[in-house]
Amino acid sequence: MDLKGPVIECVTRWGSTYDMLESLLRCQHFCQVFGRHQTRLNVDSDFWTSTNDLKNALGPAKITSCILQAQKLYPGDCLLHWKKCIINTRNINSFISNSIVEAIQRRETTLFNCDSFKLAIFLDGHVNVLLDEITLREAKSHLILLSSELHNIDPVIREEPSVSNNNIEYNEVDDLEIELRTAAANRSSGFVNSQDQVMLDIQREIVTVERLFSSLKCILNDQRNRMNPSLLEDIMVIRSNYLFEKS
């Protein structure tokens with residue numbers, strides 16, 4: 001029947017449970033044909049139905065995990081794919097899928113509770129409508145704080161906005177409005193200074209961290225399992241620097 005070998009679950013790999021269930025379902029016809037002669041292969045239809053339901057419930061998370069492994073992933077894209085995963089999983093409307101949605105939403109509270117992430121979403125015009133009032137205020141406060149700190153490191157002389165151009169009195173424009181107008185003017189003129197580059201081009205690259213985590217198996221294994229954490233960290237740093245220079 002030209003069947004592939006079964007996929008074994010790997011706890012450190014994203015979506016390995018989905019891959020394992022998918023490989024098991026590929027053997028359904030084989031088990032049904034030879035189950036008459038091998039009692040170990042003779043399982044009822046409810047087993048295959050529940051297995052297929054579980055695989056379908058994990059499907060959106062599997063697709064999202066593959067997307068989140070992109071080389072360059074911006075926070076706005078991350079949030080959109082995260083929300084899409086929740087919607088697609090909820091639409092399955094099963095006990096397992098609803099439990100997965102609840103787990104994702106609990107994780108979201110901790111995962112996205114970061115000032116830099118909130119600021120990046122605020123600066124992304126495609127997704128900032130998803131922010132609530134409290135998060136908007138936090139993002140604005142962090143933008144003003146970050147701007148002041150960057151100015152202290154690398155002072156930049158800026159001209160005050162003229163009343164004739166903006167039709168607004170200067171004392172009615174807060175610090176956030178000044179920063180946004182300056183950034184918009186620089187982008188429209190094709191020039192972005194170093195400070196705006198830091199604020200506007202925040203990225204979240206997950207792949208590098210995941211590859212570093214996966215490389216632990218090359219150092220810490222069954223034959224080398226008594227290494228103390230300090231030595232393991234030093235070896236990881238040396239190995240990472242070597243691979244970086246080599247690339």
Side-chain angles (χ1 to χ4, degrees), residues 14-15 57-152 161 166-188 192-193 195-210:
W14 293 1
L58 294 173
K62 168 65 177 180
I63 296 174
T64 304
S65 65
C66 294
I67 296 175
L68 295 181
Q69 296 177 49
Q71 186 65 31
K72 289 187 178 181
L73 185 68
Y74 290 91
D77 299 330
C78 177
L79 182 61
L80 286 178
H81 291 302
W82 184 277
K83 296 295 184 182
K84 185 177 179 180
C85 176
I86 294 177
I87 295 174
N88 292 338
T89 306
R90 185 184 290 117
N91 289 339
I92 298 175
N93 195 22
S94 65
F95 173 78
I96 297 176
S97 63
N98 293 334
S99 300
I100 293 175
V101 170
E102 293 177 0
I104 292 176
Q105 290 175 336
R106 288 196 302 269
R107 180 60 175 166
E108 178 180 328
T109 304
T110 305
L111 188 63
F112 295 156
N113 188 20
C114 173
D115 291 335
S116 298
F117 185 85
K118 296 174 184 178
L119 173 56
I121 299 300
F122 172 70
L123 294 174
D124 193 333
H126 295 88
V127 296
N128 55 15
V129 294
L130 299 174
L131 299 178
D132 54 29
E133 293 297 329
I134 297 178
T135 307
L136 281 174
R137 289 196 296 269
E138 293 175 350
K140 293 178 181 179
S141 300
H142 187 63
L143 176 59
I144 296 174
L145 176 62
L146 179 61
S147 175
S148 61
E149 291 179 353
L150 290 174
H151 287 170
N152 292 332
N166 298 312
N167 295 324
I168 300 177
E169 294 295 332
Y170 176 69
N171 55 12
E172 296 178 359
V173 181
D174 57 11
D175 294 338
L176 173 62
E177 187 69 20
I178 296 174
E179 292 295 332
L180 294 179
R181 291 187 182 185
T182 304
N186 291 337
R187 290 198 304 271
S188 62
V192 179
N193 59 36
Q195 298 169 353
D196 293 329
Q197 191 73 31
V198 172
M199 291 187 291
L200 297 176
D201 291 345
I202 301 176
Q203 297 183 7
R204 293 294 180 270
E205 293 189 4
I206 304 176
V207 178
T208 306
V209 179
E210 290 297 327

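What you see is a predicted model; the values in this text were computed from it and never measured.
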*Output the distance between atom CD1 (Ile96) and atom CD1 (Ile92), rounded to the nearest 0.5 Å.*
10.0 Å

_Spatial distance of atom NZ (Lys84) from atom CG (Asp77) [nearest 0.5 Å]_ = 12.0 Å

*asked:* Could you tell me if the side chain of Cys66 sits less than 4.5 Å from the side chain of Lys62, heavy atoms only?
replied: yes

*Ignoring hydrogens and geometry, is there a side-chain-to-backbone donor-acceptor pair from Thr64 to Pro60 under 3.5 Å?*
yes

*Set of residues satisfying side chain to side chain contact (heavy atoms under 4.5 Å, CB included) with respect to Asn113, sequence neighbours excluded*: Lys118

*Do the non-hydrogen side-chain atoms of Leu131 and Ile121 ever get within less than 4.5 Å of each other?*
yes

*What are the two closest heavy atoms between Cys85 and Ile104, and how far apart are they?*
SG-CD1, 4.1 Å

*Exam field: side chain Thr89 to backbone Ile86, donor-acceptor pair closer than 3.5 Å*: no

*Output yes when a side-chain donor or acceptor of Asp124 lies under 3.5 Å from a complementary backbone atom of Ala120, and no otherwise.*
no

*Nearest-0.5 Å distance that lies between atom CG in Leu136 and atom CG in Leu130*: 10.5 Å

*Output yes when a side-chain donor or acceptor of Ser147 lies under 3.5 Å from a complementary backbone atom of Leu143, and no otherwise.*
no

_Nearest-0.5 Å distance, CG of residue Leu79 to CZ of residue Phe117_ = 5.0 Å

_Could you check whether any side-chain heavy atom of Ser116 comes within less than 4.5 Å of a side-chain heavy atom of His142, counting everything from C-beta outward?_
yes

*Drop me the distance from Cys114's SG to Leu119's CG, to the nearest 0.5 angstrom.*
9.5 Å

*Is there any side-chain hydrogen bond (donor to acceptor under 3.5 Å, both in side chains) pair reaching into residues 99-110, and which pairs are they, with sequence neighbours excluded?*
Trp82-Glu108, Lys83-Glu108

*Student check: side-chain heavy atoms of Ile100 and Leu58 closer than 4.5 Å*: yes

